[in-house]
2 protein chains.
Amino acid sequence: MLKIQDVARHAGVSAATVSRVLNGRATVNPELAARVHAAVVELGYRPNGVARNLRRRQTTLWAVLVSDVGNPFFTSLVRGVEDGGRQFGYSVVLCNTDENRAREAEYIAVALADNMAGIIISPADDATDISALVAAGTAVVTIDRELADTDVDAVLVDNEKGAEQATTHLLDSGYRRIACITGPRRMSTAMERLRGYQRALKSFGVPQDRALIRHADFREDGGYSAMASLLDEGVDFDAVFVANNLMTVGAVECLTEREVTVPDQVGVIGFDDIPWARLFRPSLSYVSQPTYELGRAAAQLLADRIDNPNRPTTRMVLQTELHPRESTRRK
Amino acid sequence: MLKIQDVARHAGVSAATVSRVLNGRATVNPELAARVHAAVVELGYRPNGVARNLRRRQTTLWAVLVSDVGNPFFTSLVRGVEDGGRQFGYSVVLCNTDENRAREAEYIAVALADNMAGIIISPADDATDISALVAAGTAVVTIDRELADTDVDAVLVDNEKGAEQATTHLLDSGYRRIACITGPRRMSTAMERLRGYQRALKSFGVPQDRALIRHADFREDGGYSAMASLLDEGVDFDAVFVANNLMTVGAVECLTEREVTVPDQVGVIGFDDIPWARLFRPSLSYVSQPTYELGRAAAQLLADRIDNPNRPTTRMVLQTELHPRESTRRK
DNA sequence: CTGAAAGCGCTAACAT
DNA sequence: ATGTTAGCGCTTTCAG
């Protein structure tokens with residue numbers, strides 16, 4: 001491997017000068033600079049990033065911690081982070097945590113050990129510990145969820161309003177006995193979406209009924225079981241708001257299996273996009289989150305934070321969008 | 001930041017000994033080792049990975065180059081790579097190339113500059129140039145596609161057989177005028193799948209007809225336009241084999257829009273998985289690739305190659321699986 | 001504006 | 001088995 005000294009010798013200048021030319025951090029005699037560039041080309045020199053990182057005590061790596069890229073929500077979010085990162089000269093290390101705290105901690109340790117410049121994290125839950133990162137001065141942006149005790153940049157979605165939008169749409173469509181399948185109590189997103197649902201009911205003067213509410217685990221099985229329990233318990237409902245994409249799929253499967261017709265017997269609206277949901281029959285109504293933009297925004301915030309570690313923390317809230325389709329179109 | 005010298009001083013041993021204990025590469029007096037471990041804990045020491053990488057001239061980073069994680073085929077593949085990588089102690093840098101050669105070259109340069117231990121690549125096309133990687137001794141595994149001129153490890157799918165399976169299934173279901181929408185001529189996967197289609201027709205003694213074959217770009221729009229052209233040109237066909245997931249979606253959309261009934265007027269079978277395709281109506285028949293396993297296998301090969309740079313190259317071929325659903329179930 | 005020299009934190013060779 | 005020493009390749013003082 002060629003080193004900067006080789007280039008320096010070839011160009012007849014000092015290594016310091018080569019470095020200055022290559023990094024454009026200081027003014028160098030144009031004639032010398034030209035010689036350096038020529039030497040670089042002639043020798044086919046490539047700077048060694050690792051050595052640079054050691055000396056600068058900074059890498060150009062970001063870690064992005066999500067529960068699972070397989071979830072379309074995160075797929076697109078990660079894509080946004082990567083595109084944003086590339087724009088600022090960072091590469092993105094993909095870290096799937098499966099909502100597993102040990103895995104999460106492991107990845108945080110790696111980010112620390114490898115001196116990564118920053119990390120974007122969708123915390124497994126409120127107990128996620130990023131204190132080591134903060135202590136080490138690593139830039140952190142949380143995405144989708146907020147951390148209770150730590151003051152870091154966050155990119156969020158207005159979950160409450162989104163859920164209200166969804167529920168209001170059901171009410172507007174004439175449904176009145178509306179069930180809600182949301183996520184675990186310890187997850188802020190689940191609770192916010194539940195509140196939005198309740199707010200909508202209240203606005204319409206529709207009575208609340210605890211029997212209509214189910215907490216599941218944000219996964220397909222969870223949605224399936226929650227729907228099954230609603231049906232098995234003979235709960236009287238004519239529509240359901242499901243608080244994330246995977247659970248919506250599960251709930252719909254359960255309905256299909258039991259030959260409950262959507263949207264006539266039961267109207268369905270989901271939260272989050274599902275790829276190609278328009279090909280489902282009936283096609284699914286849903287409230288979409290700007291997942292790609294979430295990723296882009298997080299990247300922007302992280303890059304800013306790295307450049308300016310002392311600026312006050314930012315909290316960005318993006319809005320959702322309603323997509324009415326067949327599953328809420330009552331005849 | 002704490003360094004190894006600090007630990008050494010605290011434990012009353014040499015830095016070399018600390019290093020030996022931490023890396024378990026040599027036998028150390030258990031008593032000394034205990035002191036080292038204690039010192040590490042007391043001081044809260046974390047080894048600096050960048051320094052280690054510089055000294056060892058190797059990182060624990062892999063780059064995975066795919067066209068787009070958004071494509072479910074790659075989503076799951078990348079997930080497989082990550083899980084495999086983690087098992088061997090590597091982190092995975094996600095690189096979306098969008099089939100763009102410049103972007104691809106850019107990422108290869110980054111992998112080289114950052115001394116990444118290896119790269120897993122699904123080449124944009126035959127012209128992808130990995131010679132710099134080979135020259136630098138970086139371990140390379142290609143996935144999904146092979147590179148014409150370079151002898152590197154590859155993990156592939158038996159595309160020809162898979163396509164034959166799909167087409168045979170259509171023939172078994174009684175369809176006889178079977179169209180084929182495949183990918184660009186310069187992509188090996190597209191041509192292999194076309195050959196499989198042709199082989200199946202031949203086995204059944206069904207005449208070939210060039211009018212039934214379309215080359216599109218492996219994207220949703222491509223599938224849509226190809227289907228539109230078949231219909232617009234009044235080509236006589238009763239079924240179609242579509243050679244990848246996105247094009248299948250496009251083709252089905254076109255059929256739905258024009259109110260062509262599937263599977264009665266036209267039977268449809270796709271190649272590649274589509275998430276939750278069982279919720280489509282009609283549900284889609286398809287031939288699946290073991291995408292996750294593809295990623296795992298590539299990770300295994302890459303780890304092996306890094307440990308043993310001189311072993312002969314391996315070419316792994318995985319098999320597809322037929323999933324008959326409603327879209328080929330003629331009444 | 002340019003060069004010399006030191007050192008980022010670690011590990012591998014060598015010496016004991 | 002342990003310690004000493006040198007050096008991975010770069011950037012950043014510090015002098016001049």
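For clarity, every value in this text was computed on a predicted model and none was experimentally measured. Reminder, nothing fancy here: chain letters follow the sequence lines and each chain counts from 1.
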Exercise. For A:Phe218 and A:Thr189, work out which heavy atoms get closest and say how close.
Key: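 Residues A:Phe218 and A:Thr189, closest heavy atoms: CE1-OG1, 3.7 Å.
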
Quiz item: Taking atom CZ of B:Arg219 as the centre, does the number of heavy atoms from other residues, nucleotides or ligands within less than 6.0 Å exceed 12?
Solution: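 Open: at most 12 neighbouring heavy atoms sit under 6.0 Å from CZ of B:Arg219.
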
Report the distance from atom [atom1] of [X] to atom [atom2] of [N], rounded to the nearest whole Å.
X: B:Ile4; N: D:dT5; atom1: CD1; atom2: C1'; answer: 15 Å
X: A:Gln58; N: D:dT11; atom1: CD; atom2: P; answer: 14 Å
X: A:Asn23; N: D:dC10; atom1: CG; atom2: P; answer: 10 Å
X: B:Gln5; N: C:dG9; atom1: CD; atom2: C1'; answer: 9 Å
X: B:Arg56; N: C:dA12; atom1: CZ; atom2: C1'; answer: 11 Å
X: A:Arg9; N: C:dG3; atom1: CZ; atom2: P; answer: 14 Å
X: A:Leu54; N: C:dT11; atom1: CG; atom2: C1'; answer: 13 Å

Quiz prompt | Qualifying residue for side chain to side chain contact (heavy atoms under 4.5 Å, CB included) with A:Trp62, from A:Val93, A:Val141, A:Ile119, A:Ile306 | solution =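 Single side chain to side chain contact (heavy atoms under 4.5 Å, CB included) partner of A:Trp62 among A:Val93, A:Val141, A:Ile119, A:Ile306: A:Ile306.
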
Practice problem: Check whether the side chains of A:Arg103 and A:Tyr107 place a donor and an acceptor atom closer than 3.5 Å, and report yes or no. | Solution: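 Per modelled atom types, A:Arg103 and A:Tyr107 side chains form no pair under 3.5 Å.
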
Quiz item: Rounded to the nearest 0.5 Å, how far does CG of B:Asn308 lie from CG of B:Asp304?
Solution: 8.0 Å

Practice problem: Begin with the C-alpha distance, continue with both residues' side-chain angles, and end with the deciding distance and a verdict on side chain to side chain contact (heavy atoms under 4.5 Å, CB included) for A:Thr75 and B:Arg79. | Solution: CA-CA 11 Å; A:Thr75 310; B:Arg79 182 69 220 246; over 6 Å; no

Practice problem: I would like to know whether A:Glu104 and A:Thr128 meet side chain to side chain donor-acceptor pair (under 3.5 Å); could you show each step before the answer? | Solution: CA-CA 8 Å; A:Glu104 196 176 65; A:Thr128 293; 2.8 Å; yes

Exercise. Rounded to 10°, tell me the angle between the two end axes of the helix from C:dC1-D:dG16 to C:dT16-D:dA1, each built from five pairs.
Key: 40°

Quiz item: Closest to the A:Lys3 side chain: D:dG7, D:dG3, D:dC10?
Solution: D:dC10

Quiz item: Can you tell which of D:dT11, D:dG3, C:dT11 lies closest to the side chain of B:Thr17?
Solution: D:dG3

Practice problem: Show your reasoning for whether side chain to side chain donor-acceptor pair (under 3.5 Å) applies to A:Thr313 and A:Asp151. | Solution: CA-CA 7 Å; A:Thr313 56; A:Asp151 184 38; 2.9 Å; yes

Quiz prompt | Strand-adjacent residues in residues 27-49 of chain B, judged by heavy atoms under 4.0 Å from DNA chain D | solution =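 Only B:Thr27, B:Val28, B:Asn29, B:Leu32 qualify.
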
Quiz item: Would you call B:Asp6-B:Arg9 a salt bridge at under 4.0 Å N-O?
Solution: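 Between B:Arg9 and B:Asp6 there is a salt bridge, with a charged N closer than 4.0 Å to a carboxylate O.
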
Practice problem: Would you mind classifying the nucleic acid contact of B:Asn53 as base, sugar-phosphate or nothing, using non-hydrogen atoms under 4.0 angstrom? | Solution: nothing

Quiz item: So what does A:Val13 touch, heavy atoms closer than 4.0 Å: a base, only the sugar-phosphate, or nothing?
Solution: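 Touches sugar-phosphate only.
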
Quiz item: If you pin B:Arg20 and B:Arg57 to their nearest nucleotides in DNA chain D, which one's is more 5'?
Solution: B:Arg20

